[in-house]
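Take a look at this one; I'll ask things after.
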Amino acid sequence: MDILLLSGPNLNMLGVREPDQYGMQTLDDIVSHIIALAIDAGLSIEHHQDNSEAGLINKIHAAREQGIKYMIINPAAFTHTSIALRDAILATGITFTEVHLSNVYKREAFRQQSYFSDIAHGVISGFGAQGYEFALNAAIKHIKEH
Ligand code: DQA
């Protein structure tokens, strides 16, 4: 497996959840499109959504064993709270892009603090589902160059 796409808590509610903020597409819509684009680029990709911090951490640990080359992560609310998730990523040393559907810098002050941005390859915020395409392009380029 080349790429791990990880979705944090409440992202399973996309399509229903605050559509003004997050759009009308479901997580399945977004993920199936990204999987198709990755396959077109000749790369394998796995998606995992979890509402629990433990589930996400275990998946990140497993990514190391699986030889995952790049991660695309929307940590959702854990972005602003989870040192444990940050430490899990640091433990694997896997390069990743942090993605947010909404522009977190246009929102509440507590969303402007991220435990991931300073250790990410890059951060994409505010482009909705298109942000995942940008992140995938970054992943493809990174994998081909390394
Ligand atoms: C989010 C932004 C977070 O602040 C929020 O808690 C989310 C989604 C986004 O994709 O815009 O759940 O990560």
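The structure displayed is predicted, hence computed values, not measured ones. Both ligands and their constituent atoms are indexed starting at 1 by order of listing.
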- Message: How far is atom 9 (C) of ligand 1 from the closest protein heavy atom, and which atom is that?
- Response: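 The protein heavy atom lying closest is L101 N, 3.4 Å.
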- So does K144 pair up with D2, basic N to acidic O under 4.0 Å?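 No salt bridge links K144 with D2.
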- Message: Looking only at the side chains, is there a donor atom on one of S114 and E98 sitting less than 3.5 Å from an acceptor on the other?
- Response: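 E98 and S114 do have a side-chain donor-acceptor pair below 3.5 Å.
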- Query: Can you find a non-hydrogen atom of N10 under 4.0 Å from ligand 1?
  - Reply: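 No.
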- Task: Pick one of side chain, backbone, both or neither for how Q113 approaches ligand 1, counting any non-hydrogen atom pair under 4.0 Å.
- Result: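 It is neither part, as no heavy atom is under 4.0 Å.
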- Indicate whether the side chain of T26 and that of D28 have a donor and an acceptor atom separated by less than 3.5 Å.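 No, D28 and T26 have no side-chain donor paired with an acceptor closer than 3.5 Å.
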- Pair S82, E53: side-chain N/O donor-acceptor within cut-off below 3.5 Å: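 E53 and S82 do have a side-chain donor-acceptor pair below 3.5 Å.
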- Polar-atom distance check: H100 versus ligand 1, any N or O pair below 3.5 Å?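 So ligand 1 has an N or O lying under 3.5 Å from an N or O of H100.
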- Task: Using distance alone, determine whether V99 and ligand 1 share an N or O pair under 3.5 Å.
- Result: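 No, there is no polar N/O contact under 3.5 Å.
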- Measure the distances from the heavy atoms of F78 to every atom of ligand 1 and state whether one is below 4.0 angstrom.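 No, F78 has no heavy atoms under 4.0 Å from ligand 1.
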- Message: For ligand 1, which is the ligand I care about here, please tell me if H80 has any N or O atom under 3.5 Å from one of the ligand's N or O atoms.
- Response: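 Yes; at least one N/O pair falls below 3.5 Å.
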- Query: Would the Y70 and H121 ring centres measure less than 6.0 Å apart?
  - Reply: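 Centroid distance Y70-H121: below 6.0 Å, so yes.
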- Heavy atom of the protein closest to atom 12 (O) of ligand 1 (residue, atom name, distance):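 That would be R17 NH2, 2.9 Å.
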- Which protein heavy atom lies closest to atom 6 (O) of ligand 1, and at what distance to 0.1 Å?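 Going atom by atom, the protein heavy atom closest to atom 6 (O) of ligand 1 ends up being R111 NH1, 3.0 Å.
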- Message: For a side-chain hydrogen bond (donor to acceptor under 3.5 Å, both in side chains) check, start with the C-alpha distance between Q25 and H33, then their side-chain angles and the critical distance, and finish with the verdict.
- Response: CA-CA 11 Å; Q25 281 186 279; H33 178 60; over 6 Å; no
- Message: Geometry only, no angles: is L11 polar-contacting ligand 1 at N/O separations under 3.5 Å?
- Response: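 N/O-N/O distance under 3.5 Å: no.
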- Which residue owns the protein heavy atom closest to atom 11 (O) of ligand 1, what's the atom, and how far is it?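 I find the closest protein heavy atom is S102 OG, 2.6 Å.
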- Query: Has E108 got any heavy atom lying under 4.0 angstrom from an atom of ligand 1?
  - Reply: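 No; E108 lies far enough from ligand 1 that no heavy-atom distance drops under 4.0 Å.
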- Message: Could you tell me if the side chain of T79 sits less than 4.5 Å from the side chain of Y115, heavy atoms only?
- Response: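 SC-SC contact between Y115 and T79 ruled out.
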- Query: Do N137 and L37 have side chains that get closer than 4.5 Å, going by heavy atoms?
  - Reply: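 No, too far: nothing below the 4.5 Å cut-off.
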